[in-house]
Amino acid sequence: MRKVRVRFAPSPTGPLHIGGVRTALYNYLFAKKYNGDFILRIEDTDQTRYVEGAEDYIMQSLKWCGISVDEGINEGGKYGPYKQSERKDIYKKYIQILLDNGSAYYAFDTPEELDAMRKRLEEEKSSVRQYNRFTRGQMKNSFTLSEKEVSDKINAGEPYVIRFNIPENENITVKDIIRGEVNVNSSQLDDKVLFKSDGLPTYHLANIVDDYLMGITHVIRGEEWLPSLPLHVLLYKSFGWENNMPEFAHLPLLLKPDGKGKLSKRDGDRLGFPVFPLEWKDPETGEIASGYRENGYLPEAFINMLALLGWTPEDDNEILSVEQMIKEFDISKVHKAGARFSPEKAKWFNKQYIIKMPNDKLAALLLPEVEKKFPGTDILYIEKVAGMVKERMNFLSDFCDQASFFFETPESYNPKVVKKRWKEDTPETLSNIFNLLKDVPLHKFTSEYLENSVKAYIEKNELNFGKVLNPLRLVLTGTGGGPHLFDIMEAVGKEETLLRIEKGINEIKKT
RNA sequence: GGUCCGUUCGUCUAGUGGUUAGGACGCCGGGUUUUCAUCCCGGUAACAGGGGUUCGACUCCCCUACGGACUGCCA
């Protein structure tokens, strides 16, 4: 069996959206499962749609996701170049083969003439609206022009395209790993442009030539390519490569969380979640589209969430490392129908990964944000706090909000909590606690010791736990939630603890 | 309009002729906790509709409906 080689082939027309990332991921998982190669090929045959920075964005995104490329522009490889605009000569050579064996022909119709043809066909309510053997007789091409006319036009430098000559009435059976067999008659296909007037191939030609030349064994791509699969199969046959044809798998689409249709760039802003892995700034408009990374997602969580949109492992465990995914991934088990993206579940995945992450690693990720808000904070302190608040976080970006009281004295007190927890006799109770804590020697100011002392005090005076501890929490944190109260005291220290109690007593007045 | 693909709880899905139709997210309820969160327990909720085939259909076939993709000198 040939070594598995798959490719992810985006075109650099803008940021990669999560559907594209999932396609890359499935390719990657498949390749690694069979110890194969994952190739990144840039499909930039449409110069008019080239967007500055998109290529780099794609590579950065894959890197962030942990999808490593085996062969590509940066990585090199024996099958380069990996950028289609640098392969022009190759396509010229191969289109000539098709021209020579009658599988392709010249056409000289202008865009206006093509528009007119389609419009006419539509008005006639014809079921045929394509450039094919039924309509090409009325157009300007090798079939309607003499050989001399054709060569004269070409020599005169007239623009032309090269179209595929779809064979007549041929039943084509294509096989898709996910969908099974699909049957189409060639009469339904149109004579697609293979080679454009700008001297570059279209996707159809380029992808067949490159996949063949690069030894691609499996083509895993989006469902939008399924309708052109028969054309691609015909192309392989015309080149005489049918025995080296890759296998195909067409992935279901990612749909909008609400309503209908496939997920689009705009949905993110509209519904408040990112559709891009990394933040993207449009070079033309300056418009910024948010990214998962910037929104506080962990790449491992992001990838895990994406992988399960359309595929499920055998057992019920949904939290999977990349290694586990590689081990369990089965392309034939990919769901056929489109998957609606769920921001809620994405959040849940992220939380799971944050909780699972070792505190030192988490602290390292949190450091830049903490530095910004609370400059000079020690990383070991962040590590300690992270351990205490992580199960209250959904995103990395939640940390500073959730843990602010570990870094600064509360400036205000949540009114709702004040109303609920602050009673008539609270100031007096807290004063007593203040005095109790004041006498605790510095070296004994630990969570465990404090808890024992305060609890002993409460019991001795026959007080109610909630009536003491809830307001104590309020003065220490400014709010009603958070980690173990005595852990907070130990973390902020004796001086700060006393200060906060004093401040609270002075500032909180029940309204 | 034409071609192709699809349709199981609100969402992601398991299921390949005989199941109390399973799990996860969400939601609701209970427990643990000084609080919030975590955690644990429980609950809610689905085979698009109609015809076949079969002793028996979520599973196979046909039709309809609905959804989607494609229909570019874009990928």
Side-chain angles (χ1 to χ4, degrees), chain A residues 9-13 43-46 48-49 107 109-111 114-115 118 121-122 125-131 159-163 176 178-179 182-185 187-190 192-198 200-204 206-207 221-230 250 252-253 255 257 260-262 305 308-319 333 335-349 351 355 389-394 402 417 420-421 451 454-455 458 464-474 477 479-486:
Chain A
S11 65
T13 55
E43 310 227 325
D44 59 344
T45 52
D46 185 356
T48 63
R49 291 210 308 160
D109 316 282
T110 64
L114 291 170
D115 277 351
R118 293 193 184 102
L121 258 19
E122 199 179 331
K125 299 217 186 293
S126 166
S127 63
V128 180
R129 287 184 195 177
Q130 303 157 316
Y131 200 111
Y160 65 86
V161 299
I162 298 169
R163 287 182 178 271
D176 181 275
I178 297 169
R179 285 151 220 282
V182 180
N183 294 295
V184 182
N185 189 283
S187 61
Q188 302 297 337
L189 273 28
D190 62 348
K192 278 271 181 288
V193 170
L194 259 21
F195 211 81
K196 299 180 287 176
S197 57
D198 63 0
L200 284 165
T202 59
Y203 172 84
H204 303 295
N207 106 84
R221 76 232 292 194
E223 193 184 8
E224 67 268 26
W225 294 111
L226 194 54
S228 48
L229 179 55
H250 289 88
L253 265 15
L255 274 20
K260 291 146 187 179
K262 73 171 178 180
M305 174 273 291
L308 296 219
L309 239 36
W311 168 72
T312 16
E314 287 278 336
D315 60 44
D316 287 336
N317 181 228
E318 295 195 348
I319 302 293
K333 288 272 178 63
H335 200 68
K336 292 181 175 76
R340 196 157 287 132
F341 172 75
S342 162
E344 276 306 315
K345 193 141 187 187
K347 191 204 273 184
W348 176 79
F349 269 109
K351 191 187 197 81
I355 292 173
V389 304
K390 64 180 181 180
E391 62 231 13
R392 267 162 279 263
M393 297 164 60
N394 289 314
Q402 285 294 334
V417 182
K420 189 170 175 194
R421 308 293 193 191
E451 181 167 357
V454 173
K455 284 190 171 171
I458 291 171
N464 175 300
F465 277 80
K467 277 189 78 175
V468 177
L469 298 176
N470 285 317
L472 192 52
R473 169 178 297 281
L474 177 64
T477 68
T479 186
H484 191 55
L485 186 55
F486 301 99

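Proteins get letters first, then strands, A, B, ... in listed order; numbering begins at 1 in each.
A:K351 comes within 4.0 angstrom of sugar-phosphate atoms only, judged by non-hydrogen atoms across all strands, and of no base.
Residues meeting the salt bridge (charged side-chain N to carboxylate O under 4.0 Å, His left out) test with A:K351, sequence neighbours left out: none. Residues passing the side chain to side chain contact (heavy atoms under 4.5 Å, CB included) test with A:E451 are A:K455, A:H484, A:F486, sequence neighbours excluded. Partners of A:D46 according to the side chain to side chain contact (heavy atoms under 4.5 Å, CB included) rule, which considers only residues two or more places apart in sequence or in another chain, are A:T48, A:R49, A:K196.
With hydrogens and angles ignored, a donor-acceptor pair under 3.5 angstrom links the side chain of A:H484 to the base of B:U34. Put simply, the side chain of A:R392 and the base of B:C36 share a donor and an acceptor less than 3.5 Å apart.
The shortest side-chain heavy-atom distance between A:L308 and A:E318 falls under the 4.5 Å cut-off. The shortest distance between side-chain heavy atoms of A:F465 and A:V454 does not fall below 4.5 Å.
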(Q) Across nucleotides 39-48 of chain B, 5' to 3', mark each nucleotide with B, S or - according to how protein heavy atoms within less than 4.0 Å reach it. (A) ----------
Q.
Can you build the contact string for nucleotides 69-75 of chain B? Use B for base contact, S for sugar-phosphate-only contact, and - for no protein heavy atom under 4.0 Å.
A. SS-SBBB
N/O to N/O distances under 3.5 Å, protein versus nucleotides 10-12 of chain B:
| residue | atom | partner | partner atom | Å |
| --- | --- | --- | --- | --- |
| B:C12 | OP1 | A:R340 | N | 2.8 |
| B:C12 | O2' | A:L308 | O | 2.8 |

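For B:A65, the paired nucleotide is B:U7, the pair qualifying as Watson-Crick or G-U wobble because both relevant distances are below 3.5 Å. Across all strands shown, B:A14 has no partner, as no Watson-Crick or G-U wobble contact with both distances under 3.5 Å is found. Nucleotide B:U59 forms no Watson-Crick or G-U wobble pair with any nucleotide shown, as no partner meets the under 3.5 Å limit on both distances. Base pairing annotation: B:C39 forms a Watson-Crick or G-U wobble pair with B:G31, both donor-acceptor distances under 3.5 Å.
Note on ring orientation: taking the six-membered ring where Trp is involved, the planes of A:H204 and A:W225 are perpendicular (angle over 60°, cut-offs 30° and 60°).
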